[in-house]
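Letters go in sequence order (proteins before strands), and every chain restarts at 1.
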Amino acid sequence: MYRIRYDTLVAALIGLLSGVLSAMLFVRPYTGSITLSEMVLQLSGSRGTYEFNPSLSEIMGMFTRFIPIFLFEFYGGTVMYRNFCTASIYIFTRNPNRSRWYFRETARVLLLSVVFAAVSLITAVLLSMVQYDVITNYPGVLLSIYHFVLFSIWITTATILLNLFSIIFGTHVAALIVIGLQAICIAALSLIEIEDQLLPAVLLQINPIANLILGWFHSRIPALDEAIFSPHKGFSFVPALFVVSSYCLLTVLSGRQFILHRDILSSNAELDGV
Amino acid sequence: MVIHYALAQTRSSLKQLGSIITFFVLLIIMLQNFVHNVLLYQGTDVLAMIHPMELLTLSPNAADPEWLSIFMQIYPLLVTLPSVLSFNRERQTGESILIAARMGNLQYTLGRLVSVFLTTFVVFTVPFLIEIPLNCISFPLEAQGDVLSMDLYDPGYVDYIHCFLFSNIYIFSPYVYAVVGTLFWGFCSAVFAAFAAAFVACIKFKYTVFSMLPAFLFLNATVMFSPTTRDVPSIAWYHYLFLFDDRLKNPSYLWAIPILILISILGTVWGGTHDCIG
């Protein structure tokens with residue numbers, strides 16, 4: 001019989017908390033009813049029927065949408081790292097193929113991220129259905145899938161990055177670096193105001209957080225394009241998936257190189273430095 | 001004994017990597033704002049110039065919005081970095097047992113709380129206090145303008161001024177207001193760090209990142225649950241801690257600060273009267 005592991009349960013619990021907070025704070029129907037597409041757009045940054053507009057208050061609003069994700073990253077950031085703190089000699093002397101061990105741990109982080117993103121989205125939708133009249137529509141289902149896929153990949157990337165930085169600096173400095181990088185990406189969303197210029201447009205395209213804002217997307221599917229109704233150009237699902245997946249792949253592969261050449265910790269990184 | 005230990009520990013904490021990183025991050029943010037203002041306002045006529053104190057980093061009206069938003073996002077993490085982590089480190093290395101055995105666990109944890117408070121206060125106040133004379137030297141002191149370009153006798157301007165925290169001090173002197181506001185900023189930062197330190201005194205965290213959570217969650221909760229409409233008083237931390245903030249406030253919400261101090265002291269006493277070997 002398959003037993004749910006403790007960390008999967010914790011990921012699901014943080015996802016549940018995230019879903020409750022998202023439904024309470026970010027889903028805002030003008031009237032008593034809301035379409036599923038509008039709801040998912042609001043979860044990914046839109047305010048009401050308007051797409052995300054990077055004023056200071058909306059940037060802070062975007063950051064608060066990421067707080068439950070950061071909570072998960074804090075927890076997931078110890079999944080790989082904890083093996084380096086305690087019993088690392090035990091693990092690596094019994095694992096001749098450290099690469100395989102690393103990919104198994106990466107898969108573990110991916111699973112936890114998927115569980116977190118799925119539970120968070122499902123909870124937010126179900127809770128909104130209890131609170132308001134949620135009208136399920138075809139673009140809404142598609143947007144839910146996009147939201148789930150893109151966020152799962154990005155959360156996995158950030159969590160693996162947090163694990164890798166933790167091995168070098170300890171969890172505290174690693175958290176500051178990873179959250180700091182995401183804060184810079186969120187602040188850089190303001191480049192959308194000068195998206196007509198070449199450099200800002202390129203910087204926006206490679207900004208992972210910009211590729212999570214569904215309200216900026218275009219689609220070849222007419223119903224979906226009409227539901228989003230984005231005034232911006234340059235964002236759609238496939239390129240966004242490519243950008244976010246590239247970051248994930250880059251992190252995983254460079255992490256593998258790092259882990260292979262990392263000597264077993266002689267001391268606990270939690271105690272060094274700070 | 002407690003005060004002696006707290007002062008010695010503060011001197012030691014200020015030399016640690018966490019304090020140095022935090023200090024330089026704050027210094028870089030302050031210098032970026034200063035250079036941004038110098039480049040933006042060079043050659044501006046004194047009549048059109050904004051008051052030097054309104055150009056401080058802690059004044060959100062004139063700051064570069066991108067940098068300001070990064071600062072506002074990382075502040076809840078940064079506030080615990082200088083000292084709480086060294087507290088956790090002492091507990092993990094067993095250094096705390098050594099000190100507690102000599103001076104008593106309660107005295108040790110209380111001394112540590114005072115040390116956390118003083119370290120954070122110094123680290124978060126000094127970079128912004130440096131900025132005040134820098135602005136006074138670099139920008140004309142005769143400048144009276146503000147970012148809203150309102151007339152000094154405009155009733156709207158009077159309402160705007162009365163939305164500031166300590167508006168009476170601002171009316172007395174903007175320079176005194178800037179110094180008091182910066183000290184208040186450092187004091188509140190120290191209270192948030194002490195709040196996190198109290199949690200570390202009660203709960204032994206295996207990973208130091210979790211000792212950052214109490215302050216991180218508290219500060220971000222104030223932003224998450226803050227009303228979005230402007231006619232309802234805000235509860236977001238930055239509306240109370242930043243200078244020249246014209247958002248509607250309810251000063252009674254500042255009771256949260258003494259409550260946090262009380263929780264910190266009670267938590268520390270609880271942690272200090274329990275077995276420190278666990």
Query raised in the report: Which residue pairs pass the salt bridge (Lys or Arg N to Asp or Glu O under 4.0 Å) test when at least one of the two sits in residues 11-36 of chain B, sequence neighbours left out?
Result: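 Not a single pair qualifies under salt bridge (Lys or Arg N to Asp or Glu O under 4.0 Å).
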**Report entry** Where at least one partner belongs to residues 52-61 of chain A, residue pairs that pass salt bridge (Lys or Arg N to Asp or Glu O under 4.0 Å), sequence neighbours excluded
**Finding:**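 Listed by first then second residue: A:R47-A:E58.
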On a heavy-atom basis, which atom in [X] and which in [Y] lie closest, and how many Å separate them?
{"X": "A:A183", "Y": "B:I70", "value": "O-CG1, 4.1 Å"}
{"X": "B:V209", "Y": "A:A175", "value": "CG2-CB, 3.5 Å"}
{"X": "B:I74", "Y": "A:G180", "value": "CG2-CA, 3.9 Å"}
{"X": "A:A187", "Y": "B:E66", "value": "CB-O, 3.7 Å"}

Query raised in the report: Is it the backbone or the side chain of A:L56 that comes under 4.5 Å from a heavy atom of chain B, or both, or neither?
Result: side chain
**Report entry** Residue B:L213 versus chain A: region with a heavy atom under 4.5 Å
**Finding:** side chain
Find the distance between [atom1] ([X]) and [atom2] ([Y]) and round it off to the nearest 0.5 Å.
{"X": "B:F216", "Y": "A:L71", "atom1": "CZ", "atom2": "CG", "result": "6.5 Å"}
{"X": "B:L77", "Y": "A:H172", "atom1": "CG", "atom2": "NE2", "result": "12.0 Å"}
{"X": "B:Y207", "Y": "A:T171", "atom1": "OH", "atom2": "OG1", "result": "8.5 Å"}

Query raised in the report: Taking C-beta and beyond as the side chain, do B:Y238 and A:M60 meet within less than 4.5 Å on heavy atoms?
Result: yes
Query raised in the report: Does the side chain of B:N220 reach to within under 4.5 Å of the side chain of A:F70, using non-hydrogen atoms?
Result: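 Heavy-atom side-chain distance check fails, nothing below 4.5 Å.
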Requested in this report: Enumerate by number any residue of residues 18-25 of chain A whose heavy atoms lie under 4.5 Å from heavy atoms of chain B; in the absence of such residues, state 'none'.
Outcome: A:L21, A:M24, A:L25
Query - Sub-6.0 Å ring centroid separation between B:F210 and A:Y75 - result: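 That pair fails the under 6.0 Å test.
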Output side-chain donor-acceptor pairs under 3.5 Å for residues 188-200 of chain B, partner residues at least two apart or in another chain, one line each.
from   : atom 1 : to     : atom 2 : distance (Å)
B:S189 : OG     : B:Y75  : OH     : 2.6
B:S189 : OG     : B:W185 : O      : 2.8

**Report entry** Test log, rule side chain to side chain contact (heavy atoms under 4.5 Å, CB included), inputs A:L176 and B:V25
**Finding:** CA-CA 11 Å; A:L176 191 68; B:V25 168; 5.5 Å; no
Report task. Verify side chain to side chain contact (heavy atoms under 4.5 Å, CB included) between B:Q73 and A:Q182, making sure each step is shown before the conclusion. Result -> CA-CA 9 Å; B:Q73 289 175 71; A:Q182 291 178 87; over 6 Å; no
Requested in this report: Decide if atom CZ of B:F225 counts as having more than 12 heavy atoms of other residues, nucleotides or ligands within a radius under 6.0 Å.
Outcome: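 Correct, the count exceeds 12.
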Report task. Heavy-atom pairs under 4.5 Å with chain B are the metric here; pick the option from A:L189, A:T78, A:I179 that has the most. Result ->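 Looking at each option in turn, the highest pair count goes to A:T78.
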Query raised in the report: Could you go step by step and tell me if A:F63 and B:V223 meet the side chain to side chain contact (heavy atoms under 4.5 Å, CB included) rule?
Result: CA-CA 10 Å; A:F63 183 73; B:V223 182; over 6 Å; no
